[in-house]
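Just below is one structure, and these are the notes that go with it.
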Number of protein chains: 2
Amino acid sequence: MKINLTRRQQQILDYLREQDFDSPPTLDELCRALGLSSRGSLHKHISALVEAGLVEPMDGKHRGVVLREAETTADADRLPFYGYIAAGRPIEAIPRPESLEVPAALRTRRPCYVLEVRGDSMIEDGILDGDWVVIEQRDQARNGEVVVALVDGDEATLKRIEQQPGEVILHPANGRMAPLRYHPDQVQVQGVLVGQMRRYH
Amino acid sequence: MKINLTRRQQQILDYLREQDFDSPPTLDELCRALGLSSRGSLHKHISALVEAGLVEPMDGKHRGVVLREAETTADADRLPFYGYIAAGRPIEAIPRPESLEVPAALRTRRPCYVLEVRGDSMIEDGILDGDWVVIEQRDQARNGEVVVALVDGDEATLKRIEQQPGEVILHPANGRMAPLRYHPDQVQVQGVLVGQMRRYH
DNA sequence: GATACTTGTTCTCTGTTGGTTCTGGTGTAA
DNA sequence: TTACACCAGAACCAACAGAGAACAAGTATC
């Protein structure tokens, strides 16, 4: 996503990935396992991994617990949660993905992720503010599909797409909003809507 | 709901799970089994587990009894699917419930089930034909909640409820449909909407 | 019914563990 | 040189864990 890890950081991350902990290890345990003798040193590496969003932060919480991978690719029923989809913010800017349980029926076999909807632009398609949408990662879409589109490289939005020769039209599903017309070079498809969830409590 | 258990808490929980109690153990018994010598210490851990919803609380009730797993939420990620919710058919008539995977975030701790929506009567609330709705089984509702209501004993419908002295009003979310007014005796609440899911593929 | 015994609950006190922040040192590459 | 990755160790402090005492309410016993 961002930031390149140093050799040692990568090494520690690899160790955490391949290990199968019954309970999350403490810094001391990791030190022993990695042949270090200073918690402080290790802590700096862990902090870097937290910064990179690869390890859960343990703010003060002294949970006898240290790190847990926030990498969610493996788990079948959880998908990374990349934050909000709204005007003015590219998705890739979201720092550390959390994860969200998603039933198999709402996703596809290809890589997917979850966004939380902000705004009312798709309200007539039954997508409301606060809904979670499941997005299949894809850079091509068929006409009529609802897509996550990156406009001019810095504004991500959820709209129904219509691709015509020489222009791309993004249709909101809200009578008070007009379709947006762009040159094909301005619009980059980042994913296609495949599922949606909402909670009422 | 997540909540991180400390090591000791996890350890105690594991012990409770693997043990097969004929009668629920007392704090003293657990202390001996776990090598503690203070009920007070153990009690603090148990309280944490109760807080996390993993153990049944024993509020004051001095039943010579302590804890029992309320393993409800943990892996109950599938809910019974009772069929369609549409006019003209009471829910209890559905013969054989299948089951559907539902993420924990879309359900509650109390018994829930899933229905598939038929019709457009709640379209302005973002509930479309074909959506799955997660219903918490309940026979009472607060005004403003969306409920599964059985009218005259033979017609189940999904509507927003308004209960006034002497009458019950079921509000559709569709400008082309009018609210339905009934005598309280005619309407029986069968559940309350707590979650919703949709697939686009 | 009065008694003693259980059992859950709350409290204080004490010690340990573990995350965090320092300071300083070494080796390496630009 | 400067910059950076890496490590050691010390110190700090809050979270954690346990012991023990005391209390209240249920249960058993006579």
Side-chain angles (χ1 to χ4, degrees), chain A residues 1-17 19-70 95-96 98, chain B residues 1-17 19 21-70:
Chain A
M1 187 139 306
K2 70 162 198 169
I3 309 180
N4 1 7
L5 302 179
T6 68
R7 203 171 29 245
R8 201 65 167 125
Q9 286 162 10
Q10 185 64 51
Q11 183 182 339
I12 292 172
L13 181 60
D14 289 342
Y15 177 80
L16 289 175
R17 279 182 173 148
Q19 222 64 19
D20 205 12
F21 301 107
D22 44 347
S23 64
T26 66
L27 289 186
D28 275 333
E29 288 169 357
L30 280 178
C31 277
R32 275 194 297 277
L34 294 166
L36 295 185
S37 56
S38 162
R39 261 180 308 172
S41 309
L42 180 62
H43 180 262
K44 202 159 54 172
H45 291 137
I46 299 294
S47 301
L49 293 177
V50 170
E51 194 70 21
L54 297 169
V55 158
E56 268 198 8
M58 38 197 170
D59 20 61
K61 289 308 164 203
H62 179 182
R63 34 176 158 162
V65 167
V66 187
L67 32 149
R68 192 154 105 249
E69 302 221 35
R96 62 183 63 134
E98 299 184 4
Chain B
M1 178 141 316
K2 24 43 205 135
I3 308 184
N4 277 314
L5 298 181
T6 68
R7 291 208 159 175
R8 204 67 170 118
Q9 287 161 12
Q10 184 66 52
Q11 186 180 335
I12 292 172
L13 181 61
D14 289 343
Y15 177 81
L16 290 175
R17 280 185 171 144
Q19 224 63 19
F21 301 109
D22 43 349
S23 66
T26 67
L27 288 186
D28 274 333
E29 289 169 358
L30 281 178
C31 276
R32 275 194 298 277
L34 294 166
L36 293 186
S37 57
S38 161
R39 262 177 309 171
S41 308
L42 180 62
H43 181 264
K44 203 161 44 173
H45 291 137
I46 300 294
S47 301
L49 293 177
V50 170
E51 193 72 19
L54 297 168
V55 157
E56 269 197 6
M58 35 196 169
D59 20 66
K61 293 307 165 204
H62 180 184
R63 33 175 158 162
V65 166
V66 188
L67 33 146
R68 197 156 98 246
E69 299 221 36

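Throughout, a chain's letter reflects where its sequence line sits, starting with A, and its residues are numbered from 1.
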Find the distance B/Q11:CD to D/dC16:P and express it as a whole number of Å.
-> 15 Å
Close side-chain approach of B/R8 and B/L36, heavy atoms under 4.5 Å | yes
Strictly by modelled atom types, are B/R7 and B/Q10 linked by a side-chain donor-acceptor pair under 3.5 Å?
-> no
Side-chain N or O of A/S37 closer than 4.0 Å to phosphate OP1/OP2 of D/dC7 | no
Mind calculating the distance between CZ (A/R8) and C1' (D/dC4) to the nearest angstrom?
-> 16 Å
State the CG-CD distance between B/L5 and B/Q11, to the nearest 0.5 angstrom.
-> 12.0 Å
Short N-O contact, A/E51 and A/K44, less than 4.0 angstrom = no
Whole Å only: how far is the CG atom of A/D28 from the C1' atom of D/dA15?
-> 15 Å
Closer than 4.0 Å, any side-chain N/O of A/T26 to the OP1 or OP2 of C/dT17?
-> no
Value in whole Å for how far the C1' atom of D/dG9 lies from CG of A/L36 = 13 Å
d(A/E29 CD, A/T26 OG1) to nearest 0.5 Å is 3.5 Å
Mind checking A/L42 for me? I need base, sugar-phosphate or nothing, with any heavy atom below 4.0 Å counting as a touch.
-> nothing
Drop me the distance from B/T6's OG1 to B/Q9's CD, to the nearest 0.5 angstrom.
-> 3.0 Å
Integer-rounded Å distance: D/dC6 P and A/L34 CG | 13 Å
dist A/I46:CD1 -> A/L16:CG (nearest 0.5 Å) comes out at 6.0 Å
Given atom CZ of B/R7 and atom C1' of C/dG18, what is their separation to the nearest angstrom?
-> 10 Å
Distance, rounded to the nearest Å, where A/E29 contributes CD and C/dG18 contributes P | 7 Å
For B/S38, what residues pass the side chain to side chain donor-acceptor pair (under 3.5 Å) criterion, not counting sequence neighbours?
-> B/S41
With sugar-phosphate taken as primed atoms, P, OP1 and OP2 and all else as base, the protein-contact string of nucleotides 20-30 of chain C at under 4.0 Å (heavy atoms; B, S, -) is BB---------
When only distance counts, do a donor and an acceptor, one from the side chain of B/S38 and one from the base of D/dG20, lie under 3.5 Å apart?
-> yes
Between C1' of D/dA8 and CZ of A/R32, the distance in whole Å = 16 Å
Trace of the side chain to side chain contact (heavy atoms under 4.5 Å, CB included) decision for B/L30 with B/I12 = CA-CA 9 Å; B/L30 281 178; B/I12 292 172; 5.6 Å; no
With pairs taken as Watson-Crick or G-U wobble and both distances under 3.5 angstrom, which stems of at least three consecutive pairs involve DNA chain D?
-> C:1-30 with D:1-30
